[in-house]
Amino acid sequence: MLMQDCAGFVTGVANHRSIAWATARALDREGARLALGYLGERELESIERITGQLRQPPLLVQCDVTDDESVASAFEVVGREVGSLDCLVHAIAFARREDLDGRFADTSRSGYDLALGVSAYSLNVLVRGAEALMKPGAGVVALTYLGSERAIPRYNVMGVAKAALESGIRYLASELGEKGIRVNGLSAGPIRTLAARGIRDFNAMLRVHAERAALKRNNEVDEIGDAALFLCSRLSRGMTGEVMYVDAGYRIMGL
Ligand code: NAD
């Protein structure tokens, strides 16, 4: 098994639809011991209903990336209970609905700060917390989306947050490379999750994607989970600072 004797910290599990959950299942299937980071009580309740599906019971750790104490205490628990880490998964994003719905030009200062803080700066926060625990060769994976480089209707401030996240991936990769720690992005096609519900007309986005993508379909969440497994595992040991697209061939298409 690819992740035998390996351990990982997967953040961003909200429920059974989460990309983080698909990633956790893929890592667990390949033998990894896992810590799952959750935001609050509501997420914990959902996670407790599904953890029985994993082969090994995960450690559940509260970790709010906007709260330094919460993050410090999460890494203290992960270090004590799990020990060193072979991978870290960042699958966290948030923006206020009004900042996705309206004009990008009208994004409020607080909405902009919130979206970039939770969705992009949080990668620095998690990497700093995990750095001392990560083994040489360890993989950090952050979930991103094409809205970072194209103006996608109704993605707005989240597109700017994803651009910051992807740039952050490159800077972090350049700094952590000397320790053998790799940092990569995984750009997923649209998947129906809780976060996606914040995007108005998400169904239209799915429809257009399936029409235009080279594979003429949408992605399944397990395809994203398996790709995240690759970026976490030694199979991708020669890669860092990259953004890998798993989007059914949407980005490569012209008109
Ligand atoms: P999701 O709602 O299941 O996951 C988002 C997670 O972010 C939730 O678990 C939520 O609790 C967490 N979160 C929000 N604020 C937080 C905070 N302050 N501290 C800690 N956690 C916090 O949705 P998802 O679609 O699985 O999103 C996971 C990642 O995948 C996000 O980065 C998202 O932008 C990215 N992504 C999603 C899609 C898609 O179409 N669903 C496509 C490409 C990339």
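Values below: all heavy atoms of this structure, side chains included; hydrogens, waters and symmetry mates excluded. We count ligands from 1, going down the list as the structure has it; atoms in each ligand are counted the same way. This chain uses plain numbering: 1 for the first residue, then up along the sequence.
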Check: Would one find more than 12 heavy atoms of other residues, nucleotides or ligands at under 6.0 Å from atom CD of Glu178?
Finding: no
Check: Between Phe9 and Phe75, what is the ring plane arrangement, given parallel below 30°, perpendicular above 60°, and tilted in between?
Finding: perpendicular
Check: Are Tyr145 and Met158 close enough, and set up right, to give a side-chain contact (heavy atoms from CB on, under 4.5 Å), and what steps lead you there?
Finding: CA-CA 9 Å; Tyr145 177 63; Met158 189 51 74; over 6 Å; no
Quick check for students: name every N or O atom pair between ligand 1 and the protein closer than 3.5 Å, with distances.
from: ligand 1; atom 1: 2 (O); to: Ala195; atom 2: N; distance (Å): 3.0
from: ligand 1; atom 1: 3 (O); to: Ser18; atom 2: OG; distance (Å): 2.6
from: ligand 1; atom 1: 9 (O); to: Gly12; atom 2: O; distance (Å): 2.8
from: ligand 1; atom 1: 9 (O); to: Ala14; atom 2: N; distance (Å): 3.3
from: ligand 1; atom 1: 18 (N); to: Asp64; atom 2: OD1; distance (Å): 2.9
from: ligand 1; atom 1: 19 (N); to: Val65; atom 2: N; distance (Å): 3.0
from: ligand 1; atom 1: 23 (O); to: Thr193; atom 2: OG1; distance (Å): 3.2
from: ligand 1; atom 1: 25 (O); to: Thr193; atom 2: OG1; distance (Å): 2.6
from: ligand 1; atom 1: 26 (O); to: Ile19; atom 2: N; distance (Å): 2.9
from: ligand 1; atom 1: 32 (O); to: Ile92; atom 2: O; distance (Å): 3.4
from: ligand 1; atom 1: 32 (O); to: Lys162; atom 2: NZ; distance (Å): 2.8
from: ligand 1; atom 1: 34 (O); to: Lys162; atom 2: NZ; distance (Å): 2.8
from: ligand 1; atom 1: 40 (O); to: Ile191; atom 2: N; distance (Å): 2.7
from: ligand 1; atom 1: 40 (O); to: Ile191; atom 2: O; distance (Å): 3.3
from: ligand 1; atom 1: 41 (N); to: Ile191; atom 2: O; distance (Å): 2.9
from: ligand 1; atom 1: 41 (N); to: Thr193; atom 2: OG1; distance (Å): 3.2

Checklist line | salt_bridge(Glu76, Arg80) N-O dist < 4.0 Å | finding: yes
Notebook entry, point to check: Is it true that Val71 and Val13 fall in one hydrophobic cluster, defined by side-chain heavy atoms closer than 4.5 Å?
Noted result: no
Next item on the list: Would you check if there is a donor-acceptor pair between the side chains of Ser110 and Arg96 at a distance under 3.5 Å?
Entry: yes
